[in-house]
Protein chains: 2
Amino acid sequence: MPARWSPAGPGAAETDEGGRIVTDVTLREVARASGCSVATVSRVLAGTRPVGAETARRVREAAEELGYRPNQVARALRSRSTGTIGLVLPQITNPFFPSLVREVEHALHAEGRAVLLADCDDDPEVEAARIADLLDRQVDALLVIAADGKRSRDAVERAAAHVPLVLLDRVCGPGVADSVATDNATGMALVLDHLVTTGRRRICFAGAAGTGSAAVERLAAYEAEAGALLPHGSGRVELGDFSLEWGRTAVDRILPSRPDAIVCANDLLAIGVLQRLRQLGVDVPGDVAVTGFDDIPMMDLADPALTTVRQPVRALAAEAVHLLGHRLAGRNDGPRRSVRLAPELVVRASSAPSALRAPRGASSAPRAPRVPSVSSAEDTGSTRTPEVEQ
Amino acid sequence: MPARWSPAGPGAAETDEGGRIVTDVTLREVARASGCSVATVSRVLAGTRPVGAETARRVREAAEELGYRPNQVARALRSRSTGTIGLVLPQITNPFFPSLVREVEHALHAEGRAVLLADCDDDPEVEAARIADLLDRQVDALLVIAADGKRSRDAVERAAAHVPLVLLDRVCGPGVADSVATDNATGMALVLDHLVTTGRRRICFAGAAGTGSAAVERLAAYEAEAGALLPHGSGRVELGDFSLEWGRTAVDRILPSRPDAIVCANDLLAIGVLQRLRQLGVDVPGDVAVTGFDDIPMMDLADPALTTVRQPVRALAAEAVHLLGHRLAGRNDGPRRSVRLAPELVVRASSAPSALRAPRGASSAPRAPRVPSVSSAEDTGSTRTPEVEQ
DNA sequence: ATAGTGTGGGAAAACGTTCTCCAAAAATCT
DNA sequence: AGATTTTTGGAGAACGTTTTCCCACACTAT
């Protein structure tokens, strides 16, 4: 080891014969190289206190020369802040989440924070364990997409006692923590409004039976809206889970009641419905309109393209991060905030009025024009442009 | 602050009136409560050295009582290991990645490690910055899905000098770092073999022009295989990018040469191809067969369902983590390993032989039976070929 | 002159672990 | 019995920062 005491020569980082960096440069070494104390170097580099111009220059020079990079772990230990946020989610493979993760990651990175990712496999037990692990790792805060409305609650509540915590996309119980989610009621209202406006009257619902907030709220909203809008009240309701398979079976149960529209609580479910309907020779949207919820990627290329409710993903992420920032800045107290963001209706072929429907065949599939969002709270809205193909 | 010096009463964690935990329990407090030294407590809890039975019991009891949780940051500082792995990827919204991320995350968590996620927006500059940030955060190792075969290289190489680094799914240059990827050549061979076997002869290729390893290797494999298998050598080749849009345009360029099959370098691209073909009234698979690559989610519900090459996602993740473990355990040297895992052909409707094709209409969409993978070398799925790119 | 008032800089104490020494006690060997 | 080795436990030094003191010096205002 010859390079150990090299006096700040222009060799920068010290390497062994294999090219691996052997010694990480520390504050001490920068101090020695620039002829001043560790404290001074820290002050110059962190800018926490003014320091003489000449000294500052020497320090910066030495740091540059040696290729100094502050050790974030040491910094974290001393300053009690890791600059790290835990992101807990049920299943990254759920096609709705990647875009949300992306937006969250970018928003946090823009603030100089990093994201510790924890995938829970849709299991609240695992979720609790992962949360505990993240806390041990001293995350500054947690962003949680709860796996289950009921069974996630305990763990979330306990965690919220330690660090700022924001529930994202799915809430669990009132007052457990800050929360940011899509306004499911508004979304469902948009759908039903659209269907009724385009002449549908026998509107059924395929949903999920779980205790997740999406399942519960969307069902409730359907029942409320349908009860108000439709002559015979709400139509047949079938509850299973959020899967494609369930979408298929739901069709068999719903079809006997001769619906002219099937509202699905979720895009995946809607795809299953679409598949089964085609299999049975039911014409969509001629005989039955189908709608989804979420606008997961590729829904514009289902056959027919799926009318659905687009969640304001970027705005959700931004708002969640904003809330976290608020808690992190001030004292972590004050009342819980619960933010709901209005989604946007995306009308595609699967709900086109029968009159406008083109004959099935070789020619281009008909696409209804996109209607503008009825209530899109902010213009920061969505980047995704399913720029309708025609 | 009354609760400060409470003598290990059964109140466990100390809370203020708001329910927030004020004081995190440290080793010192456990030591005091159990009447022994910090060192001893550490030894008991970490199990680094045998300790008297009675003392151990007292310590464990006190720790339990106080709800002690080791501070991973302090531990990391001292032991120079954070138990954290950086996962760098081009775009989490690329539908191929979520499942890979999931498998990686699970595999790492099973080893008690956590994942720091960095999404680069497909930008090598951003990628370099994110890698640097992760290194500052003292990750134990890096798992990198390179954004670009060429322009990612520098940053990757520099990073590999600091920590163990495994390139995942996309390689960049030989000998830069360990790498684990799908054997694109085998995959392409499976496709062409299948097409030729089912009677296709005028097989064209829609690919990407980039320098990413997937783009390059799949093209090369197509040309090699087609040159060998087909009477007139390989067919028309069109290169753009990996997008759906390019798939659509590629069709317009390829169609004049009257192909009976279009091999796509990627599922997204294949979907675009499918869309445009349908728009133009070309029958798939009657007139033209279409194949993809990757088997991203939902490709079974495209219309027609897409024949494609399924990457061995779980095995890729497992192997990558295994390689990391190897580097982390031993000294971080020895020759670079390059592992290629054989993919699996998934035959669906889009490449059904014309004869077997069911009439378009109401009945169930035809599904060809899945053929078994032609070459899955070992049951771990691993074709361990150090250094080889055939 | 003396007392105030900044200002630039260093020494050293944290932060919560792990780990290296040492010392005492206990067990084993001559 | 003494001479070893083996256990068991404590004191305290790391790890690389940030931050709190405190001192020395140069001014300015009495």
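Just the heavy atoms: all of them, side chains too, but no hydrogens, waters or symmetry mates, feed the values below. Labels below follow one simple rule: chain letters A, B, ... track the order of the sequence lines, proteins then strands, and each chain is numbered from 1.
- Within the nucleic acid shown, T26(A) comes within 4.0 Å of sugar-phosphate atoms alone, with no base atom in reach, counting heavy atoms only.
- Screening E319(B), H106(B), E103(B) for a side chain to side chain contact (heavy atoms under 4.5 Å, CB included) with R314(B), the sole residue that qualifies is E103(B).
- Among residues two or more places apart in sequence or in another chain, the side-chain hydrogen bond (donor to acceptor under 3.5 Å, both in side chains) test is passed with E157(B) by none.
- For CD of E111(B), the number of neighbouring non-hydrogen atoms (other residues, nucleotides, ligands) closer than 6.0 Å is greater than 12.
- For L27(A) and dA14(C), the CG to P distance is 19 Å, given to the nearest whole Å.
- Atom CZ of R153(B) sits in a crowded spot, with more than 12 heavy atoms from other residues, nucleotides or ligands closer than 6.0 Å.
- A 4.5 Å side-chain heavy-atom check between R113(A) and T84(A) finds every atom pair outside the cut-off.
- Of the residues L142(B), V144(B), D178(B), the one that meets the side chain to side chain contact (heavy atoms under 4.5 Å, CB included) test with V166(B) is D178(B).
- Taking atom CG of residue L77(B) and atom C1' of nucleotide dC19(C), one finds them 13 Å apart after rounding to whole Å.
- Applying the salt bridge (charged side-chain N to carboxylate O under 4.0 Å, His left out) test to every pair with at least one member in residues 66-75 of chain A, sequence neighbours left out, gives these pairs: R69(A)-D136(B).
- Scanning residues 69-76 of chain B for heavy-atom distances under 4.0 Å to DNA chain C yields R69(B), P70(B), N71(B), A74(B), R75(B).
- Look at CG on L45(B): it is 16 Å from C1' on dC19(C), rounded to the nearest Å.
- Sorted by first and then second residue, the side chain to side chain donor-acceptor pair (under 3.5 Å) pairs involving residues 37-48 of chain B (not counting sequence neighbours) are S37(B)-T40(B).
- Of the side-chain N and O atoms in R80(A), one or more sit less than 4.0 angstrom from OP1 or OP2 of dG16(C).
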Letter per nucleotide, 5' to 3', of nucleotides 4-10 of chain C [B base touched, S only sugar-phosphate touched, - untouched; heavy atoms, 4.0 Å]: ----BBB
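- In H326(A), the NE2 atom is not crowded: 12 or fewer heavy atoms of neighbouring residues, nucleotides or ligands sit closer than 6.0 Å.
- Along DNA chain D, read 5' to 3', the first and last nucleotides having any atom under 4.0 Å from a heavy atom of chain B are dT8(D) to dG16(D).
- Atom pair D24(B):CG and dT17(C):C1' shows a separation of 14 Å (rounding to whole Å applied).
- Closest of all the heavy-atom pairs between P124(B) and D148(B) is CG-CB, 4.0 Å.
- Shown here is R57(A), whose CZ atom has more than 12 heavy atoms of other residues, nucleotides or ligands within 6.0 Å.
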